[in-house]
2 protein chains.
Amino acid sequence: MASIKEESSIKVFGGWQKVFSHDSKELGCCMKFGVFIPPQAESGPVPVVYWLSGLTCSEQNFITKAGSQQHAAKYGFLVVAPDTSPRGCNIEGEEESWDFGTGAGFYIDATEEKWKKNYRMYSYITKELPDVIAANFKIESDKASIMGHSMGGHGALICALKNPGQYKSVSAFSPICNPINCPWGVKAFTGYLGAENKDAWKEYDACELAKKYSGPPLEIFVDQGKSDNFLSQGQLLPDNLVGACAAGGVQIVLRMQEDYDHSYYFISTFMGEHFDHHAKFLKA
Amino acid sequence: MASIKEESSIKVFGGWQKVFSHDSKELGCCMKFGVFIPPQAESGPVPVVYWLSGLTCSEQNFITKAGSQQHAAKYGFLVVAPDTSPRGCNIEGEEESWDFGTGAGFYIDATEEKWKKNYRMYSYITKELPDVIAANFKIESDKASIMGHSMGGHGALICALKNPGQYKSVSAFSPICNPINCPWGVKAFTGYLGAENKDAWKEYDACELAKKYSGPPLEIFVDQGKSDNFLSQGQLLPDNLVGACAAGGVQIVLRMQEDYDHSYYFISTFMGEHFDHHAKFLKA
């Protein structure tokens with residue numbers, strides 16, 4: 001197990017918001033991730049909640065703007081918020097778009113030649129990072145949940161749907177629900193997985209995965225702002241996820257929130273209720 | 001009354017976080033300020049809380065990182081968060097330091113030739129801005145409180161101490177308490193007020209003002225992190241304020257918070273209790 005290095009440590013809501021860096025084997029680069037350590041961690045192992053951020057974000061956006069620490073401190077959850085993509089891999093074109101390459105790893109394992117060595121965020125999130133967390137923090141190894149925003153909401157959904165039982169619960173804010181049918185997803189999947197390989201695309205699409213889900217009961221909890229520009233642009237397609245969940249027998253609660261947009265203001269407003277959702281399963 | 005222009009408007013915690021710009025007469029430039037409009041404002045006038053930010057900040061830092069909106073929505077307070085200084089005045093040297101000029105107005109009225117036309121943040125905060133708010137929002141005109149952080153904590157203290165009765169309550173996070181005796185304050189007061197004019201310095205020093213305060217009872221509420229680097233560097237000097245308040249008969253509660261630093265993580269942790277403090281007076 002490669003070691004982790006503490007980059008910063010700040011007291012907040014009785015716990016500690018830290019940032020660590022480590023050399024990731026999956027990604028072949030140095031990665032940063034935020035960890036909120038709740039006060040309850042001093043007296044024993046605690047559950048873990050993973051947060052996956054959206055396009056253009058680093059590990060910083062969530063920890064500075066989501067107001068999550070107060071809720072994590074209340075329930076005693078360790079909250080892990082990784083960066084959204086490999087950085088500094090010197091791949092031609094990685095810095096050309098805000099919605100592809102750096103800051104836009106899409107939480108999938110690339111198969112295209114140029115990207116396949118580094119752009120393995122799916123394996124990083126579901127395998128390497130949990131191992132790093134288990135090795136370095138006192139956690140209840142069977143109690144993990146996952147949530148995210150936008151591209152990270154997509155990430156949370158596919159990680160939960162593809163790994164039945166690994167996450168006790170999943171929730172998302174304004175997730176990209178059906179990437180194979182929206183411009184962001186088509187661009188990313190074309191680049192990382194190839195234009196022709198549509199079967200591989202389906203393996204990373206929350207709607208396709210929900211339709212064929214089989215595993216322990218999973219209750220998906222989603223908040224979506226009605227005034228979110230990306231909703232009206234057809235990037236998010238939450239109705240498609242509701243339909244797919246019905247077809248696959250997956251429970252879903254989708255709340256359409258009047259007047260709210262795609263920002264961290266929206267996220268912070270409902271963050272407490274997402275922690276309540278995860279607590280139902282992690283504290284059971 | 002010059003008009004104000006809405007620059008942005010985002011729903012959060014049931015209210016609206018807006019940013020406005022206007023042409024300030026006191027400052028001779030365009031100024032931005034944040035306004036959180038709580039849901040209660042729909043049914044009648046509400047109290048106002050002013051927030052003054054610290055060195056290098058604009059109107060954005062507080063509204064994105066302090067987690068204030070949840071508390072303002074709970075109590076029904078309009079929260080006004082102005083920028084910290086004039087900008088773009090083309091004064092020679094205004095961009096040379098992070099702790100003087102742009103981003104460092106120090107909430108005083110400059111008297112030195114170079115700065116006196118624009119650097120009038122004290123009059124802006126205590127006179128022009130309240131008039132702008134009263135003209136454009138439905139507020140209870142006799143119910144205002146003020147708080148701030150660091151340089152803005154100093155600003156909140158002097159605004160309250162110099163204008164007995166104008167603010168029902170005052171609180172501060174890690175305020176600069178005794179600027180005439182700390183490096184930041186000496187630099188700013190020398191630049192804006194002149195090296196020789198020490199009587200003018202005292203008119204903007206919270207300790208000097210507390211010693212001679214006479215007005216309605218004022219209970220100052222201060223939180224200070226014990227691991228704040230600027231505390232150990234002698235920039236903040238909260239003990240001097242406690243001594244001055246004792247001499248002047250001003251009530252003060254100073255809470256020294258173990259392990260906390262100077263950041264918005266610290267501020268967000270105790271923001272709810274500062275709103276509780278102001279509510280004691282604004283909802284009385």
Side-chain angles (χ1 to χ4, degrees), chain A residues 8-19 34-39 42 57 59-74 79 81 173-174 223-231 255-275, chain B residues 8-19 34-39 42 57 59-74 79 81 173-174 223-231 255-275:
Chain A
S8 62
S9 178
I10 303 178
K11 183 102 174 186
V12 59
F13 282 99
W16 293 91
Q17 180 61 60
K18 294 173 184 270
V19 172
V35 177
F36 174 74
I37 302 172
E42 284 174 24
C57 289
E59 84 290 346
Q60 285 294 321
N61 306 65
F62 173 75
I63 68 178
T64 55
K65 298 200 277 191
S68 64
Q69 293 94 352
Q70 61 184 300
H71 310 296
K74 171 183 164 190
V79 180
F173 295 86
S174 29
D223 272 314
Q224 172 62 57
K226 280 195 188 180
S227 294
D228 181 336
N229 286 335
F230 300 120
L231 176 68
R255 306 194 305 181
M256 299 300 293
Q257 303 285 6
E258 197 78 36
D259 290 331
Y260 284 90
D261 70 0
H262 200 71
S263 70
Y264 269 94
Y265 290 106
F266 159 64
I267 294 170
S268 70
T269 301
F270 300 105
M271 184 57 74
E273 290 170 75
H274 283 243
F275 272 86
Chain B
S8 62
S9 177
I10 304 179
K11 184 103 174 186
V12 58
F13 282 99
W16 293 91
Q17 179 62 59
K18 294 173 183 268
V19 172
V35 177
F36 174 73
I37 302 173
E42 284 174 24
C57 289
E59 84 290 345
Q60 286 294 321
N61 305 65
F62 173 74
I63 67 177
T64 55
K65 299 200 280 189
S68 64
Q69 293 93 351
Q70 61 185 300
H71 310 296
K74 172 183 163 191
V79 180
F173 295 87
S174 27
D223 271 314
Q224 172 62 54
K226 280 194 186 181
S227 293
D228 181 336
N229 286 335
F230 300 120
L231 176 68
R255 307 194 305 180
M256 299 300 292
Q257 303 286 6
E258 197 78 36
D259 290 330
Y260 285 90
D261 70 1
H262 199 72
S263 70
Y264 269 93
Y265 289 106
F266 159 64
I267 293 171
S268 70
T269 301
F270 300 106
M271 183 57 74
E273 290 170 76
H274 282 242
F275 272 87

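Computed from a prediction, not measured in an experiment: that's the story for all the values here. Just the heavy atoms: all of them, side chains too, but no hydrogens, waters or symmetry mates, feed the values below.
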Counting only non-hydrogen atoms closer than 4.5 Å, does [X] touch chain A with its backbone (N, CA, C, O), its side chain (CB onward), both, or neither?
X: Tyr264(B); answer: neither
X: Ser263(B); answer: side chain
X: Asp259(B); answer: both
X: Glu258(B); answer: backbone
X: Ile63(B); answer: both

Between Tyr260(A) and Phe270(A), does the ring centre distance come in under 6.0 Å? yes

I need the Phe266(A) CZ to Lys226(A) NZ distance, nearest 0.5 Å. 12.5 Å

Side chain to side chain donor-acceptor pair (under 3.5 Å) for His262(B) and Asn229(B)? Distances and angles first, verdict last. CA-CA 7 Å; His262(B) 199 72; Asn229(B) 286 335; over 6 Å; no

Quick one: closest heavy-atom pair of Phe36(A) and Ala73(A), and the distance? CE2-N, 3.7 Å

Between Glu273(A) and Arg255(A), is there a salt bridge with N-O shorter than 4.0 Å? yes

